[in-house]
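Down below is the structure, laid out as structure tokens.
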Amino acid sequence: LAGDEYNSAGYKEVPNGLTMGTLEKCMTIDEGKSWWKKNIKPHEKVHISTKMDGVGELLKFKDGNFVRGTSRGTGFTGFDKTEMIRLLSFPKSGLTVNGTPFTGFIRGEAELSNRNFGLFPDKKNPRNASSGLLNKKFSALKDTDKELISKIDFIAYDIRSEQMPNDTKESRFHYLEHWGFKTPVWSMVDSFEEVETFRNTISKIRGTEDEEYGMDGIVLAKNVYDKDDQQLKVQSNAVAIKFDLLVAKKINLSFSFIFC
């Protein structure tokens, strides 16, 4: 099972409907630079975003409406937590693509904001608080539990749908934001120097009041969508670069970065 997921509540295991794969992890900026040199062509546009530290979930929509929610599970199968996930904060109806009701999947993470973490004084971090609630048996939830779960946001970072087979990563984020989903902080870059600036700027925010959600790195992804690569357990067209455990290099905050 992925991360801290367990199933003591007895949720039904079901096929996810797609592969919820993982990413290769670069533990240092030098490893990230090596991945860039190997995989990215000169002046190629690359999608960059913060790597969220939440609980992986998958939303299924049919005719524009939310119909099922599953946990990440093994990546191929997950646990059907539709009624639990319905309590999370995200748009649940009215999604369209070029005027046609959207049918497909939206992948993301359930994440408690640092602001709302104050509602959980007995938990050590927001991820622990979120996973603890989402792993409970739905029928055993108290009204106070449901109210707390409604404070957990769904942060979306991918769309899978036959309605948009050739869209770019950039366009999919625009769709998510147009529909009203929260997304990771993101931008487009075409040099590794911009990657380093983005990473250092985000790293500077960690642990301050400006950090809205927990983050544990950045994600680089080729902008061109590759359907076959998305079906792999470990994608080759994207990589995660973790934040340094030790103090990072001095950050140049004079760089003017435009977040899309």
Side-chain angles (χ1 to χ4, degrees), residues 1-9 11 16 20 22-23 25 49-60 66 68-73 75 78-92 105-159 173 176-177 179-186 201-219 240 242-243 245 259:
L1 300 180
D4 48 10
E5 184 176 11
Y6 52 92
N7 191 33
S8 59
Y11 286 100
N16 280 333
M20 295 182 69
T22 187
L23 297 175
K25 307 294 193 301
S49 64
T50 51
K51 183 178 182 298
M52 309 308 293
D53 189 24
V55 180
E57 311 286 2
L58 182 67
L59 312 181
K60 182 179 180 180
F66 171 69
R68 193 182 79 168
T70 58
S71 62
R72 179 182 170 190
F79 298 116
D80 187 341
K81 297 185 177 181
T82 300
E83 295 311 310
M84 179 75 78
I85 292 173
R86 193 185 300 276
L87 296 174
L88 300 177
S89 177
F90 64 90
K92 299 174 178 70
F105 297 91
I106 296 177
R107 187 177 173 186
E109 298 192 9
E111 183 144 7
L112 186 68
S113 68
N114 289 323
R115 180 186 67 250
N116 286 333
F117 178 52
L119 300 171
F120 300 82
D122 59 326
K123 302 297 182 182
K124 62 181 181 180
N125 56 56
R127 180 191 176 100
N128 180 265
S130 296
S131 62
L133 277 174
L134 296 175
N135 283 321
K136 285 187 174 183
K137 189 173 183 178
F138 183 78
S139 61
L141 293 179
K142 301 176 182 178
D143 289 342
T144 52
D145 292 327
K146 293 180 180 180
E147 177 65 23
L148 289 172
I149 293 172
S150 72
K151 304 295 185 183
I152 301 174
D153 296 313
F154 179 82
I155 312 297
Y157 55 75
D158 195 16
I159 304 173
F173 264 64
L176 290 169
E177 293 173 342
W179 289 333
F181 283 91
K182 292 189 175 183
T183 64
V185 176
W186 67 280
T201 302
I202 296 300
S203 181
K204 185 70 173 180
I205 294 173
R206 295 182 75 209
T208 73
E209 61 182 15
D210 293 325
E211 183 184 30
E212 185 175 8
Y213 297 97
M215 305 173 289
D216 63 357
I218 62 172
V219 175
K242 305 284 279 186
F243 288 127
L245 296 178
F259 294 118

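All figures in this text were calculated on a predicted structure; none of them were measured in a lab.
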Self-check item: Lys92 side chain vs Phe90 backbone, donor-acceptor pair below 3.5 Å
Solution: yes
Exercise. State the CG-CD distance between Leu141 and Glu147, to the nearest 0.5 angstrom.
Key: 12.5 Å
Quiz item: Got more than 12 heavy atoms from elsewhere within 6.0 Å of NZ, Lys137?
Solution: no
Quiz item: Are the side chain of Thr70 and the backbone N or O of Phe79 linked by a donor-acceptor pair below 3.5 Å?
Solution: no
Quiz prompt | Separation between CD of Glu177 and OG1 of Thr183, rounded to the nearest 0.5 Å | solution = 4.0 Å
Quiz prompt | Aromatic Tyr11 / basic Lys81 pairing, under 6.0 angstrom, 45° off normal | solution = yes
Self-check item: Exercise: identify the closest heavy-atom pair between Leu88 and Ala110
Solution: CD1-CB, 3.9 Å
Exercise. Give the minimum heavy-atom separation between Phe105 and Asn16, together with the two atoms involved.
Key: CE2-O, 3.6 Å
Quiz item: If you round to the nearest 0.5 Å, how far is CZ of Phe243 from OG1 of Thr50?
Solution: 7.5 Å
Quiz item: Between Ser130 and Phe120, is any pair of side-chain heavy atoms under 4.5 Å apart?
Solution: no
Practice problem: Without swapping roles, check the side chain of Arg127 against the backbone of Gly54 for a donor-acceptor pair under 3.5 Å. | Solution: yes
Quiz item: Do Phe138 and Leu87 come close enough that some side-chain heavy atom pair is under 4.5 Å?
Solution: yes
Quiz prompt | Closest non-hydrogen atom pair, Ser150 against Ser89 | solution = O-CB, 3.9 Å
Self-check item: Residue pair Asp216 / Met52: nearest heavy atoms and the distance that separates them
Solution: OD1-O, 4.1 Å
Practice problem: For a side-chain contact (heavy atoms from CB on, under 4.5 Å) with Tyr213, tell me which candidate from Leu112, Val185, Asp153, Asp53 qualifies. | Solution: Asp153
Quiz item: Does the side chain to side chain contact (heavy atoms under 4.5 Å, CB included) test come out yes or no for Arg107 and Arg72, once each step is laid out?
Solution: CA-CA 9 Å; Arg107 187 177 173 186; Arg72 179 182 170 190; 4.1 Å; yes
Practice problem: With rounding to the nearest 0.5 Å, note down the distance linking OG in Ser131 to CG in Asn125. | Solution: 8.0 Å
Quiz item: Between the side chain of Glu211 and the main-chain N/O of Asn114, is any donor-acceptor distance below 3.5 Å?
Solution: no
Quiz prompt | Side-chain (Ser113) to main-chain (Glu212) donor-acceptor, under 3.5 angstrom | solution = no
Quiz item: Looking only at heavy atoms, which two atoms of Lys124 and Phe117 are closest? And how far apart?
Solution: C-CZ, 3.7 Å
Quiz item: Looking only at atom types and distance, does a side-chain atom of Arg206 sit under 3.5 Å from a main-chain N or O of Gly214, one as donor and one as acceptor?
Solution: no
Quiz item: Could you state the interatomic distance from CG (Leu119) to OG1 (Thr144), rounded to the nearest 0.5 Å?
Solution: 11.5 Å
Practice problem: Could you point out which residue of Asp158, Leu58, Leu176 forms a side-chain contact (heavy atoms from CB on, under 4.5 Å) with Ile106? | Solution: Leu176
Quiz item: Which heavy atom of Ile85 sits nearest a heavy atom of Gly69, and at what distance?
Solution: CD1-C, 3.4 Å
Quiz item: More than 12 non-hydrogen atoms from neighbouring residues, nucleotides or ligands closer than 6.0 Å to CG on Asp143, yes or no?
Solution: no
Self-check item: Flag side-chain contact, heavy atom, 4.5 Å: Glu57 against Leu134
Solution: yes
Practice problem: Take the angle between the ring planes of Phe181 and Phe154 and call it parallel below 30°, perpendicular above 60°, tilted in between. | Solution: perpendicular
Quiz item: How long is the span from the OH atom in Tyr157 to the NZ atom in Lys51, to the nearest 0.5 Å?
Solution: 8.5 Å
